[in-house]
**Q** 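Below is the structure I would like to discuss, written out as structure tokens.
Everything numeric here is computed off the predicted structure, so don't read it as measured data.
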Amino acid sequence: TKNLNFSQLVFHALGGKVTVHGSLDLQSEPVLNLSIHGENINPVHLLPDWPGKLNFLFGLKGRISGEAIYLSLSDIKVFGHLLDLPFESSGSLEFQDNQPKWVDLNVRAGNNRVKLSGDTDNGSDLHFDLELFEPEILWPGFEGQWRGKGYVNPIGNSPAGVLVLEGND
């Protein structure tokens, strides 16, 4: 058969557990449809300066058509603690050929917040909005309270963007 179904594939990694449910269709154009759930993941194993305990849940769909690769992460929910701060993130991401195609993502770490949104299919940039009331926790040496917004155009060989930041240190 050219179909693989996963009812409860479990991996132990990064100090926690990841469970995968879903299917992989290996016909002429491979299609992936998974639900992924992680518990007690500690990012310090990959990023030594970012200890924490995170849980997550998201859907992952993917397709390969010719040379084009499409990935969609939907209903992303990440929550727990990161750098001794309450952490939560939610949203959706889509990629096509290693480029962000559509983004709607909200991240909150303690009193710090970042929102990303955009639809590059419509020629739009990826916009971001941020509030950093405790930036020293995320970036040692960066103090004060900051608000900012801007955009980035990630398409092509020369990504470009603008950041407007105001605040005090």
Side-chain angles (χ1 to χ4, degrees), residues 14 16 18 20-22 31-39 41-43 46-47 49-65 67-169:
L14 303 177
V18 177
V20 179
H21 303 273
V31 175
L32 178 69
N33 188 2
L34 302 175
S35 174
I36 302 173
H37 178 239
E39 297 176 48
I41 302 300
N42 189 347
L46 295 174
L47 304 165
D49 295 331
W50 291 73
K53 287 284 184 191
L54 298 173
N55 301 303
F56 60 83
L57 176 65
F58 63 90
L60 172 62
K61 292 184 180 185
R63 179 178 78 243
I64 299 174
S65 179
E67 294 184 17
I69 298 174
Y70 168 81
L71 285 176
S72 171
L73 285 83
S74 61
D75 299 321
I76 300 168
K77 292 184 183 15
V78 181
F79 56 93
H81 283 83
L82 187 62
L83 298 171
D84 292 325
L85 295 173
F87 180 90
E88 65 182 74
S89 180
S90 62
S92 300
L93 303 167
E94 290 186 20
F95 294 89
Q96 187 163 341
D97 298 328
N98 296 323
Q99 299 289 333
K101 179 179 168 188
W102 184 79
V103 176
D104 180 20
L105 188 63
N106 294 291
V107 179
R108 183 177 296 273
N111 290 325
N112 302 301
R113 181 189 62 79
V114 177
K115 177 177 175 62
L116 299 169
S117 62
D119 182 352
T120 58
D121 260 2
N122 294 329
S124 173
D125 299 319
L126 297 178
H127 294 266
F128 58 90
D129 182 8
L130 56 91
E131 293 177 339
L132 303 174
F133 295 112
E134 299 172 314
E136 66 278 1
I137 294 170
L138 302 173
W139 296 283
F142 189 46
E143 298 178 356
Q145 295 186 349
W146 302 90
R147 292 177 193 261
K149 58 175 59 181
Y151 67 88
V152 64
N153 185 330
I155 305 302
N157 293 330
S158 300
V162 169
L163 168 63
V164 177
L165 191 62
E166 62 182 47
N168 58 46
D169 56 3

**Q** Nearest 0.5 angstrom please: I76 CD1 to L105 CG, how far?
**A** 6.0 Å
**Q** Listed by chain and number, what are the salt bridge (charged side-chain N to carboxylate O under 4.0 Å, His left out) partners of E94, not counting sequence neighbours?
**A** none
**Q** Between N55 and V78, is any pair of side-chain heavy atoms under 4.5 Å apart?
**A** no
**Q** Evaluate E131 against R113 for salt bridge (Lys or Arg N to Asp or Glu O under 4.0 Å), listing each step before the verdict.
**A** CA-CA 5 Å; E131 293 177 339; R113 181 189 62 79; 3.4 Å; yes
**Q** Ignoring hydrogens, what is the shortest heavy-atom contact between G52 and P43? Give both atom names and the distance.
**A** O-CD, 3.9 Å
**Q** Near K61 NZ, under 6.0 Å, is it more than 12 heavy atoms from other residues, nucleotides or ligands?
**A** no
**Q** With side chain to side chain contact (heavy atoms under 4.5 Å, CB included) as the test, would you mind laying out the steps for F87 and L54 before giving the verdict?
**A** CA-CA 8 Å; F87 180 90; L54 298 173; 3.8 Å; yes
**Q** Could you tell me whether the side chain of S89 and the main chain of N106 form a donor-acceptor pair under 3.5 Å?
**A** yes
**Q** Going by heavy atoms in the side chains, are S35 and L57 under 4.5 Å from each other?
**A** yes
**Q** Could you tell me whether K149 atom NZ has more than 12 heavy atoms of other residues or ligands within 6.0 Å of it?
**A** no
**Q** I'd like to know if D129 pairs up with R147 as an ion pair, taking the criterion as any Lys NZ or Arg NE/NH1/NH2 lying under 4.0 Å from an Asp or Glu carboxylate oxygen.
**A** no
**Q** Side chains of Y70 and I64: closer than 4.5 Å at any heavy-atom pair?
**A** no
**Q** Verify side chain to side chain contact (heavy atoms under 4.5 Å, CB included) between N42 and L14, making sure each step is shown before the conclusion.
**A** CA-CA 5 Å; N42 189 347; L14 303 177; 5.5 Å; no
**Q** Are D104 and K115 close enough, and set up right, to give a side chain to side chain contact (heavy atoms under 4.5 Å, CB included), and what steps lead you there?
**A** CA-CA 8 Å; D104 180 20; K115 177 177 175 62; 3.4 Å; yes
**Q** Within this structure, what is the CG-CZ distance for the pair L163 and F128, rounded to the nearest 0.5 Å?
**A** 4.5 Å
**Q** Can you tell me how far the CD atom of E88 sits from the CZ atom of F79, to the nearest 0.5 Å?
**A** 10.0 Å
**Q** Is any side-chain heavy atom of L60 closer than 4.5 Å to one of S72?
**A** no
**Q** Checking side chain to side chain contact (heavy atoms under 4.5 Å, CB included) between P51 and each of L82, L83, D84, which is the one that passes?
**A** L83
**Q** Does the side chain to side chain contact (heavy atoms under 4.5 Å, CB included) test come out yes or no for E134 and L85, once each step is laid out?
**A** CA-CA 10 Å; E134 299 172 314; L85 295 173; 4.2 Å; yes
**Q** With sequence neighbours left out, what residues match F56 under ring pair (Phe, Tyr, Trp, His ring centres under 6.0 Å)?
**A** F58
**Q** Quick one: list whatever passes salt bridge (charged side-chain N to carboxylate O under 4.0 Å, His left out) with D75, sequence neighbours left out.
**A** none
**Q** Taking all atoms of both residues into account, what is the closest heavy-atom pair of S74 and S92, and its distance?
**A** CA-OG, 3.9 Å
